[in-house]
Amino acid sequence: SAGTQEAATKDDAGTGAATNVGVTDSAVTIAYIGDLSGPDAAVELTYYEGIKLAIDRANASGGINGRTIDLKAGDTRFDTAQAVTLFKKYTSEQPSLALLGINVSSMFEALTTRISAEKVPVIGPTGVTKVTLANPYIYNAQADLPTSAEAITKFISRQLGANAKVGVARISTASGDEWFDLFQKEAPKIQAEVTGQQKIEPAAVEAAAQVAQFKRDKVDAVTLHAGSGGAIALLKSMQTGGLNVPVFSTFGASGPTLWKSAGTLAASTYAFDAFAPPDSDVPGRADLEAAMRTAGSWDKFQQDKNYAEGWVIGNVVVESLKRAGKDLTRASFIEALRSPEGFQTGGYSADVNWSKKNGLADASAVKAFTFDPGTQRIVEVTNP
Amino acid sequence: MTGELVIDRLGLRFGGVVALREVSIRHHPDEVLGIIGPNGAGKTSLINAVTGIYPPSSGSVSYRGTPLTGRSPESIVATGIARTFQHNQLCGDLTVRENVLLGCHPRLGYGMGKAALGFGPARRAERRLRGEVEPLLELLNLGQVAAEQAHSLPYGLQKRVEMARALALRPTTLLLDEPAAGTSDEDRAALVRIIKHLRQEGACSVVLIEHDVGLVMEVSDRVAVLDWGECIMVDTPEAVAADARVLAAYLGVDDTPRDLAPSDSI
Amino acid sequence: MVEQQFLSVRDLDVAYASGAHALRGVSIEVGAGERVGIVGANGAGKTTVARAVTGLSAVFRATVRQGRISLAGKDTTRWPAWRVLAAGVVTIPEGRGVISNMTVEDNLRLVLAAIPRRRRPAVTEAYTMYPVLGERRRAMAGLLSGGEQQMLAVARALLVRPRLIVADELSLGLAPRIVTEILDGLAARAANEGTAVLLIEQAVVMSLRFVDRAYVLDQGTVVAQGTSDELRQAGDTTARYLGVADLSRAEELL
Amino acid sequence: MTQSIAPPHLADPAQPRAGVRRTGLAVLAVAIVVALPLVVSPYWTTVATNAVLAFAIAAPLNLLTGNAGQFSLGNAAFLVVGAYTGAFVTFTFDMELPIAMLVAAAAGALVGFIVGLPSLRLRGAYLLMSTLAAHYILVFAALKFQTSQFGAAGAIFPPLRVAGVDLSGDRSMYFVIAAFAALIGLIITNIMRSGHGRAIEAVKARDVAAAACGISVARTKLWVWSLSSAMIAAAGVLQAYYLGSASVEFYTLNLAITYVAMILVGGLGSLGGSLLGACFVTLVPVVVNHLSEAYGGGGVLAHPHELQTVIYGLIIIAFVLLKPDGLIGFVRSAARRLRNGG
Amino acid sequence: MTDFLNAVWSGSGFGSLYGLVALGLVVIFKSTGILNFSGGALMAVGGVVAAGLGAQGFWVAAGIAVVAVAGVGAVANLTVMRPLLGRGLFPGVMVTIGLASVIEGTSGLLFGRQPRFLPDPIGVPTFDLPFGTSMSSTLAVALGLSAAATVLLAIAFNRTSVGLQLRAAAVRPEVASMFGANPGRIFTYAWAVAGGLAALAGALLASLTVADISIATFALRAFAAMIVGGVDSLGGAFLGGILVGVTEMLAGTYLGDDFRLPSTMVVLMVFLMVRPQGLFGTPEVVRP
Ligand SMILES: Nc1ncnc2c1ncn2[C@@H]1O[C@H](COP(=O)(O)OP(=O)(O)OP(=O)(O)O)[C@@H](O)[C@H]1O
Ligand SMILES: Nc1ncnc2c1ncn2[C@@H]1O[C@H](COP(=O)(O)OP(=O)(O)OP(=O)(O)O)[C@@H](O)[C@H]1O
Ligand SMILES: CC(C)C[C@H](N)C(=O)O
Ligand SMILES: [Mg+2]
Ligand SMILES: [Mg+2]
């Protein structure tokens, strides 16, 4: 697909060529495309709510450079055809300056050619790292999978020492494939043994058979790359199947449901994520908490890092719009996204800086989180 | 050319139920053979076995010397045997004309592939077949209702449509299962005429199952009597009507309740 | 005419959802223990009367637009079938009215379930009526021959010990002897237990032989009524409604 | 006597006036289809492409379910069979689209034949269950094939080119798909207007009677199964090109049900119904999305996706209960009124 | 051996959940002739409702959910199912598909899409069995409850006249009503029972894994259970569920997890081809 990436077509050459897509004197259109009622809805709805909070706040304070942000949302229902239609809608019918969301990796792969052709910036998808890095229009703030693999293996070797047997539980999508390859490559560095992979459907309810296999393989730990549904399936099944080993999850399932479903295993369940939950003790908390309380979403989402992630992405968009100035075009917006000073995130993640690379750069950005039964909070592991 | 239908020691059982037991009947060309017998005697089963709907448990059926046993219903139709059903089997959503056209199916003359690729041959064939069914619709006095959906017709007319469809197959032997049941006296009279007509033309021979004994006696050359799955006699109508066994088992002591007497006596 | 009518149908207007206006102002009375016939050509509306009387109009997407049906003085126009049954009216429906996926015995037990326990007869009563049903009691009703199914329908109706039996095309598919037997049985019931019978038939001659009185239905209206003798003697007009005077024309057809 | 309302495809082909009218309608339809992308925006062209593609899939399904009475949930599986056969032919042998579609159609016919085999023994709920099972078994086979051939993301299709001409643009894609849909419509019309169409209806209504008319019930059923799934499989190739990828997670039971909903809403057994149903069901999410954007903010409209799920369900229910003959029923009664009026 | 037994234990536990949903499908099929595609949605919404009441503990929450979803079933029948009387397979399937969609969307509007959990029915998560095997206690409870439900329903169906009327109403509602049945009321009972059973399965699943309105597809195996057991047999639905669950878990154990659903579908297919009436069902009666 790399070769076709830049392919633009004759009769509908991307409207990206035009200068001011989605921009009028009084408004700028940004569209979110996500699974809002399918198997990934729990994650993607929360993410959307966070984005919306940031954008609403910017609009409430008078907009940016005299423009209000018109945030659209389209539901893919986990259906590629819907994603394609929505993509078309938000690039031509209601042309948008930029797109947000597109978190399901197979949809993401289907759309990457169109994204290149359209020259539309897409901010914040958590798809496949290969594709993200290869497509100059995709900007990702989440921990990429190679970085996560590195962080997790290091952590495992510190916790379990050498020669640990590790089982891999992974979502059965493109990013799951990538994760398994990467982890397999990474594991020998810590002398860990990878005992094979267990696939988990995006809409899985339970994973009894996978857990049984892990038990048979006598794994010492499990790494997990899945959405929240897959995480629940695995962790619940580990409890009913009596598999009591630590779990190391990527960002995919690091929402509060990971630990809620972990039950007795919560204290030995870890997630590796670039983003911290809203109630973390970070400089930006006061700001976010105030905004969330006003919006009435604090009680519901205070522990959900997907919300904070959305908030950060929303603020990055707002800040970029500011930086792009009065003369807003996709080109100037992209330039702002890539500005060398990067974006501060109030400590909810490492600063975002896409001046060199459109994915996340450095491994220190990935933090480990776990559940503290004492305070009943999701906390960063400071001293592993 | 009508043919000879030979039923030879035909047996049919469903689990413990013996529907037919060693039934042997020879149906001569050009003959109208009536079949009577009490309910559950096996009359319908006999037709079902002959037309390949139920594979017989024993015995054989042959038509014009070729064995029919073991063949599929549609290939038995191809030998020239057509039938009607005791309980109407019309395609209710299709019009009367279309139902009758179904009977022309073996003469379509083109396959599904050809039909898919071009409408030319189909159009020609359709015109030809329509030409063929029109006289049949007239014959059965169905011209008026040809464009009606079959299910909207009264019972009696539906029976006639069934018959038209069977005739559209241009059978040399026609098996009728209770064609007069539930029909008016007018329909019944028409039925008598049609059967007589077919017989006179020598177009096809007829096997007629009926509980309307008057009708059977009126049109049949011979009458077979089934009882408990066995064929207890095959003889002329007069002989059958006089037979004590038939009177006892079937007709009852009294005379027949349905209008044996000429209808205009009312 | 009998003074106290059991069934009384007044000015009944019924139309099907398809638009067919099947009955127009039909009035019919049946006294206790009386044997009454409805005759008429195909499509005259006979079955529609039977459905209306037994509370089945709605099931067949027909509506009673006007008129009133009453049983022993009670208005039953809008009663559902099961209430009509409880009021003592049972039907032998046109066509295969048996439940083919249930055994013969379950078909019979079904109707027994609707009878209060202390009045409930034994299933075997039906087998005494028609021994063949007893032999096939475990068979699925749908596998019986056409006539056997009809016997099952009759037996089932009689088990109820109804006050009125509505029999629609009773003779359909039955051997002549069985028809005679059934009609004799019904006549005996009428005489001994006062069971009224509404006999709906194509077969006019047979029908008139059995009933005391009959109505002639044509295109949804009652065009003639009277005792059997009166109707037999009625002129051509009536006969034509019955589809018998046209024989001469039928003969010309071929 | 009331005028009969035969389905249009069964109407008398010998009747010259009907023929003229039908030709007129066909010309009009072609004109609309051709003019559409020239007058509407690229987005609406995309929506139209979706609808036309949906028609190309719903119409063969309608032939199978509406005309032949074989209620099937196997259509998503036939799509994936087509898409992967097409991908395999395209990538391994570097073949052009028409060849890929032909090969996919052949594969679809074969698979359809096999999935249709149970229909010789089963009917109703049982047959439906067998297609449900076939769906999962085929999708599973596709998954194994995908894993071995393309990786977890499935097959990524390059922009469509035929004979060196780039056809991946919105308009050209639309025309390619519309041309294919027209071909499908033509094939189905031809069959249903021929005597075999009558035979298909007879097999649906009364298979015993059909056999008594010398129609081979088995052969007819298998023909329809093969033909319909061949067409669906061929459409699957186009769909994959159009979407840009083919991945098993797209071919869900829900997808299969969507097409069934289309033929239900449009009108069972009617080609026009397939078209109307395809358009209608395609438009539901589009309209709900627009409504929520126009009136969004509070209340239920703040959750357009949930609302859409409810509306979709209500539409299906409403059509079954209130308009069993589907949208085409409105068209027919309007046409009847016109004819009677003038 | 341990693997095998473990697979059998958990397979029969999950299978009993399929069995519960399948029981509901059978009750509806037996009494209304409708093949119900909304069983999964009823199950899911039952789980969501129960999990919403999680603070009350499993039994109270499950009890309320069962009653509530039984009500949903009854209302569904009174509003949209009843007009389908005797209209054949296709309309019934489509309306129940539509119903599933309505239930799912409504639940999304009312309760959102966040996954929820329910506490274990009995404190301990697992208990040990011979040969070093163990079984989840929730699965054991599921097994017991569905066996009890099967027995109760079977008695109701086969020993009472209501059962007879239900069966009659399924095939020929008009005939059943001629002979004293009140199909309307009967169908309402059937739908309420189906809703309650599905909700029970949903509550158990919520305690076992998760309650989430989009888990409806989990219940697809109930169709396999129904066919394997025989579409009109209650005991068959239960045993069919167990058989399907065990097959599935064995396939998962010995062939790999992705073989699970396909393996149940293969079993379904095999039964359809070899013995369409299932283990205990009555063969269809067709006679020209
Ligand atoms: N279910 C139905 N839906 C629509 N129209 C119907 C229905 N049943 C009967 N009709 C119409 O109502 C009219 C009266 O029919 P009905 O069945 O009552 O006549 P009938 O006298 O019983 O005839 P037959 O002797 O053929 O049984 C006819 O025009 C018929 O087409
Ligand atoms: N498919 C079947 N399965 C089981 N028994 C059957 C089947 N078909 C017919 N029978 C039985 O075989 C016997 C003969 O039935 P058949 O239908 O041939 O009788 P018939 O002579 O046509 O009677 P009628 O005059 O009542 O129509 C009956 O006892 C019937 O129950
Ligand atoms: C774990 C998640 C980040 C997975 C991602 N949404 C995908 O579809 O592959
Ligand atoms: Mg018979
Ligand atoms: Mg009638």
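By convention in this document, chain letters (A, B, ...) are assigned in the order of the sequence lines, proteins followed by strands, and residues within each chain are numbered from 1.
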If you look at every heavy atom in E/F117 and A/I232, which pair is closest and at what distance?
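Taking every non-hydrogen atom into account, CE2-CG2, 3.7 Å.
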Per the side-chain hydrogen bond (donor to acceptor under 3.5 Å, both in side chains) rule, what does the pair list look like for residues 237-249 of chain E, sequence neighbours excluded?
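Passing the test, one end in residues 237-249 of chain E: E/Y18-E/E248, E/R221-E/E248, E/E248-E/R260.
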Is it true that atom [atom1] of [X] has more than 12 heavy atoms of other residues, nucleotides or ligands lying nearer than 6.0 Å?
X: E/F4; atom1: CZ; value: no
X: E/Q114; atom1: CD; value: yes
X: A/K52; atom1: NZ; value: no

How long is the gap from CD on A/Q198 to CG on E/D257, to the nearest 0.5 Å?
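If I round to the nearest 0.5 Å, the distance is 6.5 Å.
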To the closest 0.5 Å, what do you measure between CZ (E/R113) and CG (A/L36)?
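Rounded to the nearest 0.5 Å, the CZ-CG separation comes out at 9.5 Å.
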Restricting to pairs with a member in residues 212-226 of chain A, which pass salt bridge (Lys or Arg N to Asp or Glu O under 4.0 Å), not counting sequence neighbours?
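Sorted pair list: A/R216-E/D3.
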Between [options], the one whose heavy-atom pairs under 4.5 Å with chain A are most numerous:
options: E/L250, E/N6, E/T253; answer: E/T253
options: E/L208, E/T138, E/D212; answer: E/L208
options: E/A251, E/S10, E/G112, E/P115; answer: E/P115
options: E/G252, E/S136, E/A7, E/G105; answer: E/S136

Side chain / backbone / both / neither for A/S37 at chain E, heavy atoms under 4.5 Å:
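Both parts, heavy atoms under 4.5 Å.
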Is it the backbone or the side chain of A/A233 that comes under 4.5 Å from a heavy atom of chain E, or both, or neither?
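For A/A233, neither part sits under 4.5 Å from chain E.
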If you count heavy-atom pairs under 4.5 Å between each of A/K260, A/Q213, A/K300 and chain E, which one has the most?
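Looking at each option in turn, the highest pair count goes to A/K260.
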Residue pair A/V205 / E/L205, side-chain heavy-atom distance below 4.5 Å
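Contact flag for A/V205/E/L205 side chains = yes.
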